[in-house]
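What follows is a short report on a single structure.
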Number of protein chains: 2
Amino acid sequence: MDVRTICLGILTRGDATGYEIKKLFEDDGYQHFVEASFGSIYPALNRLTEEGLVSVREEAQEKRPDRKVYSITTSGRSAFIAALLKPLPEDRHRSPFVFAMLFSHLLPHERVVSMLDTYIRVSEEKLAQLSDMKAEPQTPGEKFVSGFGRAVYEAMLEFLRTHRHEIEQPKAEAAE
Amino acid sequence: MDVRTICLGILTRGDATGYEIKKLFEDDGYQHFVEASFGSIYPALNRLTEEGLVSVREEAQEKRPDRKVYSITTSGRSAFIAALLKPLPEDRHRSPFVFAMLFSHLLPHERVVSMLDTYIRVSEEKLAQLSDMKAEPQTPGEKFVSGFGRAVYEAMLEFLRTHRHEIEQPKAEAAE
DNA sequence: TCGATCTATATCGGTCCAATATAGATCAGG
DNA sequence: CCTGATCTATATTGGACCGATATAGATCGA
């Protein structure tokens, strides 16, 4: 989903600064399947403001950097709904780990083991993060998405634990 | 994984044109977790050639567009291994579907149902494609990756089928 | 008190994708 | 047999997006 639509979506939950929009993906219930960088969020908010889909109020705090708090407008809300009524782009799951596994036969045995260990550890951390979500999900969507994420990570971990031996066996022939 | 490394990886399997490199991701064992577009493959191959990591031979067939067949060089092979020894970037799974589910409470009931139906159908197709892979996996990596993909899609489908009712219930209050 | 971390905005270089252009080959159906 | 669709094959362009970096004061722990 493009960054403009992502920003609009977050702003339907309440006003936020660009910084807070980014943070929402790191701490709260939006993790794992949606993200955007500052380098795309700030320009997106500027353009949304020009187009009247969001409005800004500048809170110049003393002795603190200015906060630009964005609110979604009525036409922004319509544009957001309209975007979700159009056919959705397909998921894109890019995995350097999976790519590397395709070439495990070219790598030293210890490297393959370390890749598996790291990937499993990171996946465990992400799963734990989804499970300890302090805040109660506020919409049925959040609950659904959090469960979906847990199901995916659990299946990945299950597969990795039961099948890693198939790929981490040292080869008789030396890697070229 | 960056497109240059992806190209090098494919070329460790044998010579190929830019077109064939792209096709490999669509038809063969590389699906679902790795991809690259023509707009990045062709420039990448040019740069790899300049740097001596791959070599080209131009097969000018009569009455057919030229084929530029790329081969990996010895230093290309080293560069590829070196890339896989560096820490891997993390997976990035972007899902417009998951994003949309976070806002199901703002959408008409039929739209939510149609999103779920479409997403389930596409996932089933991807799973089927992984399961009917004609060609035997040629490396332990391919077998592992194909099983990993199957495990992930099966878990997704299982979750969607058993939990879709939690999100597709019509709301008492009208969507704004 | 000093470094680390946090809030907050912003830009730049570079990577990558989607769309499009070109062009002949092949193949299926009417 | 012809025609349109699909396939092989390379290439470019505009735009989207990311990662890194710059700035700068606040706060907090050691």
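Chain letters run A, B, ... following the sequence lines, proteins first and then strands; every chain starts at 1. Given the structure is predicted, the values throughout are model-derived calculations rather than measurements.
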How close or far is atom [atom2] of [N] from atom [atom1] of [X], stated in whole angstroms?
X	N	atom1	atom2	value
B:D15	D:dA9	CG	P	14 Å
B:E58	D:dA11	CD	P	8 Å
A:F25	D:dC17	CZ	P	12 Å
B:L45	D:dA9	CG	C1'	13 Å
B:Y70	D:dA9	OH	C1'	11 Å
A:K23	C:dC6	NZ	P	7 Å
A:I6	D:dC18	CD1	C1'	13 Å
A:R67	C:dT7	CZ	C1'	9 Å

NA contact type, A:E35, heavy-atom cut-off 4.0 Å: base, sugar-phosphate, or nothing?
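Sugar-phosphate only.
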
Looking for any heavy atom pair under 4.0 Å, which part of the strands does A:S37 touch: base, sugar-phosphate only, or nothing?
base

So [X] and [Y], would you call those rings parallel, tilted or perpendicular, with 30° and 60° as cut-offs?
X	Y	value
A:H93	B:F33	perpendicular
B:F97	B:Y119	parallel
A:F103	B:F80	perpendicular

Smallest separation among heavy atoms of A:S131 and A:R150, with atom names:
OG-CD, 3.4 Å

Mapping A:M1 and B:G18 to their closest nucleotides on DNA chain D, which lands nearer the 5' end?
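Result of the comparison: B:G18.
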
More than 12 heavy atoms of other residues, nucleotides or ligands under 6.0 Å from NZ of B:K143: is that the case?
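No, because the 6.0 Å sphere around NZ of B:K143 holds 12 heavy atoms or fewer from other groups.
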
Is A:T17 near enough to C:dT7 that one of its side-chain N or O atoms lies under 4.0 angstrom from OP1 or OP2?
no

Identify each atom pair where a protein N or O and an N or O of nucleotides 11-15 of chain C are less than 3.5 Å apart, giving names and distance.
none

Side chains of B:F25 and B:I10: does their closest heavy-atom pair fall under 4.5 Å?
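Side-chain contact under 4.5 Å: yes.
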
Any side-chain heavy-atom pair of B:T17 and B:I21 under 4.5 Å:
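Result no, sub-4.5 Å side-chain heavy-atom pair not found.
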
Of all the nucleotides listed (C:dA10, D:dA9, D:dT10), which has the minimum atom distance to the side chain of B:K68?
D:dT10

Taking the side chain of B:A36 as heavy atoms from C-beta outward, which of C:dA8, C:dC17, D:dT10 is closest to it?
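It is C:dC17.
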
How long is the span from the OG atom in B:S40 to the CD atom in B:E35, to the nearest 0.5 Å?
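CD of B:E35 is found 9.5 Å from OG of B:S40.
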
Any donor and acceptor pair, going by atom type alone, linking the side chain of B:S78 with main-chain N or O of B:T74 inside 3.5 Å?
yes

Check each residue of residues 89-100 of chain A for a non-hydrogen atom within less than 4.0 Å of any atom in DNA chain C, then write out the ones that pass by number, or none.
A:R92, A:R94

